[in-house]
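Below: the structure, in structure tokens.
When a residue number appears, it is its place in the shown sequence, counting from 1. Only this structure's heavy atoms are used, side chains among them; waters, hydrogens and symmetry mates stay out.
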Amino acid sequence: MKEGSVLLRGPWTLPNFITLLRLAALPFFLYAISQGRFGIALIIFVAAGISDGIDGYLARRFDMRSALGAYLDPIADKLLLMSSYLFLAVPSFPAPVKVPIVLAILVISRDALLLIVALLLILSGAKRRFPPTWLGKVTTVTLIITILFVLCENLWDWPRAIAWIAFGAAGTVTILSG
């Protein structure tokens, strides 16, 4: 099947397998956060980020793009980010440094709204592709860095100002990109 000039393969490609592994790691990541095991959570989060880069590289470099991967990869990314903000904001979880609840609601609401709009556009037949914008990429990177800082601050004694600066940046780009 061809879409534009890009050959789309069947669903069982190495990049899709890597994405499925990333999705399978998500419950372990969330469990680690809920138990206050921030070292394990940080390792899983970093591994997920590295695997995201690897599967994207493999898909482009070796022409292993697929229709499933086009949907599965961004869904895996959104699930990881949205659940990170949710779990790191839960008041009863044992995290000394938490994502502010307002920021978690903002991030989750933005992503949920974007997913709903995309689904409606797909179902209506109005649009099939949603290439990321420059601001969307900046937002994603900022949200990832913020989670990294929160996980690291829960492991080591970093100045709290680092997290608060990251929270401000994450909130700002989330609003601007929404």
| message | Would you say Tyr85 ends up clustered with Val141 if hydrophobic residues are merged whenever their side chains have heavy atoms under 4.5 Å apart, either directly or through other cluster members? | response | yes

| message | Do Leu80 and Tyr31 sit in one hydrophobic cluster, given that two such residues count as connected whenever their side-chain heavy atoms are within less than 4.5 Å of each other, even indirectly? | response | no

| task | Look at atom CZ of Arg37 and say whether more than 12 heavy atoms of other residues, nucleotides or ligands are closer to it than 6.0 Å. | result | no

| task | Report yes or no: does Thr139 contribute a side-chain atom to a donor-acceptor pair with the main-chain N or O of Val173 at less than 3.5 Å? | result | yes

| field | Atom pair CG (Leu26) and CZ (Phe45), whose distance is rounded to the nearest 0.5 Å | value | 10.5 Å

| field | Enclosure of Phe17 CZ (heavy-atom neighbours >12, cutoff 6.0 Å) | value | no

| field | Separation of Leu106 CG from Thr172 OG1 (nearest 0.5 Å) | value | 9.5 Å

| request: Would you please classify the geometry between the Tyr57 ring and the Phe62 ring as parallel, tilted or perpendicular, with 30° and 60° separating the classes? | output: perpendicular

| message | Nearest 0.5 angstrom please: Ile18 CD1 to Leu58 CG, how far? | response | 5.0 Å

| request: Establish whether Val46 and Val150 are linked, either directly or via other cluster members, by ILVMFWY side-chain heavy-atom contacts under 4.5 Å. | output: yes

| Heavy atoms, side chains only, cut-off 4.5 Å: are Pro91 and Ile101 in contact? | yes

| message | Keeping Lys98 on the side-chain end and Ala95 on the backbone end, is there a donor-acceptor pair under 3.5 Å? | response | yes

| query | If you measure from CZ on Arg22 to CG on Asp73, what distance do you get to the nearest 0.5 Å? | reply | 5.0 Å

| note | Distance col, row Arg160:CZ vs Glu153:CD, nearest 0.5 angstrom, shows 6.5 Å

| query | So, Thr140 and Asp77: side-chain donor and acceptor under 3.5 Å apart, yes or no? | reply | no

| task | Give the minimum heavy-atom separation between Met82 and Asp111, together with the two atoms involved. | result | SD-CB, 3.4 Å

| Spacing of Ile33 atom CD1 and Phe93 atom CZ [to the nearest 0.5 Å] | 8.5 Å

| Side-chain heavy atoms under 4.5 angstrom apart, residues restricted to Ile, Leu, Val, Met, Phe, Trp, Tyr: same cluster for Ile175 and Leu135? | no

| Is the shortest heavy-atom distance from the side chain of Ser177 to the side chain of Thr133 under 4.5 Å? | no

| task | Specify whether Phe167 and Trp164 have parallel, tilted or perpendicular ring planes, treating 30° as the upper limit for parallel and 60° as the lower limit for perpendicular. | result | perpendicular

| query | Cys152 and Leu42: which non-hydrogen atoms are nearest, and at how many Å? | reply | SG-CD2, 4.0 Å

| field | Side chain to side chain, Gln35 and Ile40, heavy atoms closer than 4.5 Å | value | no

| query | Listed by chain and number, what are the side-chain hydrogen bond (donor to acceptor under 3.5 Å, both in side chains) partners of Thr19, not counting sequence neighbours? | reply | Asp55

| query | If we only count heavy atoms from C-beta on, is the Val107 to Leu86 side-chain gap below 4.5 Å? | reply | no

| task | Decide side chain to side chain contact (heavy atoms under 4.5 Å, CB included) for Phe149 and Trp158; before the verdict, give the C-alpha distance in whole Å, the side-chain angles of both, and the deciding distance to 0.1 Å. | result | CA-CA 9 Å; Phe149 284 168; Trp158 285 14; 3.7 Å; yes

| task | Taking all non-hydrogen atoms of both residues into account, name the closest pair between Gly69 and Pro74 and its distance. | result | O-CD, 3.9 Å

| remark: All heavy atoms of Ala104 vs all of Ala89, minimum pair found to be CB-CB, 3.7 Å

| task | Answer yes or no: is there a donor N or O on one side and an acceptor on the other, between the side chain of Asn16 and the main chain of Trp12, under 3.5 Å? | result | no

| request: Considering non-hydrogen atoms only, spot the tightest contact between Thr146 and Ala166 and give its length. | output: OG1-O, 3.3 Å

| said: Which heavy atom of Pro96 sits nearest to which heavy atom of Asn154, and what is that distance? | reply: CD-OD1, 2.8 Å

| When clusters are formed by joining ILVMFWY residues with side-chain heavy atoms under 4.5 Å apart, either directly or through shared neighbours, do Leu79 and Leu68 land in the same one? | yes

